[in-house]
Amino acid sequence: SADIDVVAISDIDKNAVIGECKFKNEKIDKSAYETLIRRGKFITAKYKVSKYIFFSLSGYTDWMKNLNDKDVLLLTLDSLYE
């Protein structure tokens, strides 16, 4: 089994958006990214994961901030209100 915090699917175009929520006093790092990518493979048998969204209370490590992947969206509590 795999724990994915957010899943949105479209049966019309067979796309999925998945996300990870971390509301802790630590920044999201590479391991959280790798875990979500790995867990997303459970969905790809039927849907194409088109976006990986991370929600963080404490922000992101430099590795995450410098990640050059157009399919990844990094959100903070403040950015949700922008």
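By convention here, the first residue in the shown sequence is residue 1.
I12 shares a hydrophobic cluster with no other residue; no ILVMFWY side chain has heavy atoms under 4.5 Å from its own.
Summarising the geometry of G59 relative to T76, their closest heavy-atom pair is CA-CG2, 4.5 Å, with the distance given to 0.1 Å.
If you take NZ on K46 and NZ on K14, they are separated by 5.0 Å, rounding to the nearest 0.5 Å. Between N66 atom CG and K30 atom NZ the span is 12.5 Å, to the nearest 0.5 Å. A distance of 9.0 Å separates CG in L74 from OG in S56, rounded to the nearest 0.5 Å. Atom-to-atom distance recorded for T35:OG1 and E20:CD is 7.5 Å, nearest 0.5 angstrom.
Remark: Y33 pairs with D69 by the side-chain hydrogen bond (donor to acceptor under 3.5 Å, both in side chains) rule, at least two apart or across chains.
Between the side chain of D5 and the main chain of C21, a donor-acceptor pair closer than 3.5 Å is present. Checked by atom type and distance alone, the side chain of K51 pairs as donor or acceptor with a backbone atom of K70 at under 3.5 Å. Side-chain N or O atoms of S58 include one that pairs as donor or acceptor with a backbone N or O of K24 at under 3.5 Å.
Note: the hydrophobic cluster containing Y47 also contains V7 (ILVMFWY, side chain heavy atoms under 4.5 Å, direct or indirect links). M64 and V17 are not part of a single hydrophobic cluster, where members link through side-chain heavy atoms under 4.5 Å apart. The same ILVMFWY cluster, assembled from side-chain heavy atoms under 4.5 Å apart, contains both W63 and V72. Under a hydrophobic clustering in which Ile, Leu, Val, Met, Phe, Trp and Tyr are joined whenever their side-chain heavy atoms come within less than 4.5 Å, directly or via other members, F55 and L77 fall into the same cluster. No path of Ile, Leu, Val, Met, Phe, Trp and Tyr side chains, each step under 4.5 Å between heavy atoms, connects V6 with I43, placing them in separate hydrophobic clusters.
The closest side-chain donor-acceptor pair between D29 and S31 falls under 3.5 angstrom.
For N25, the CG atom sits in a loose shell: 12 or fewer heavy atoms of surrounding residues, nucleotides or ligands are nearer than 6.0 Å.
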(request) For L36 and I18, run side chain to side chain contact (heavy atoms under 4.5 Å, CB included): C-alpha distance rounded to whole Å, both residues' side-chain angles, the deciding distance at 0.1 Å, then the answer. (result) CA-CA 8 Å; L36 187 60; I18 62 173; 3.7 Å; yes

(request) Before giving the answer on side chain to side chain contact (heavy atoms under 4.5 Å, CB included), spell out for N15 and V49 the whole-Å C-alpha distance, their side-chain angles and the decisive distance to 0.1 Å. (result) CA-CA 6 Å; N15 279 330; V49 177; over 6 Å; no

(message) Determine whether I4 and F42 satisfy the following criterion, side chain to side chain contact (heavy atoms under 4.5 Å, CB included), listing intermediate values before the conclusion.
(response) CA-CA 10 Å; I4 301 174; F42 290 108; 5.7 Å; no

(message) Pair L80, L75 - check side chain to side chain contact (heavy atoms under 4.5 Å, CB included), show working.
(response) CA-CA 7 Å; L80 295 174; L75 298 175; 3.9 Å; yes

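Between Y52 and I37, some side-chain heavy-atom pair lies under the 4.5 Å cut-off.
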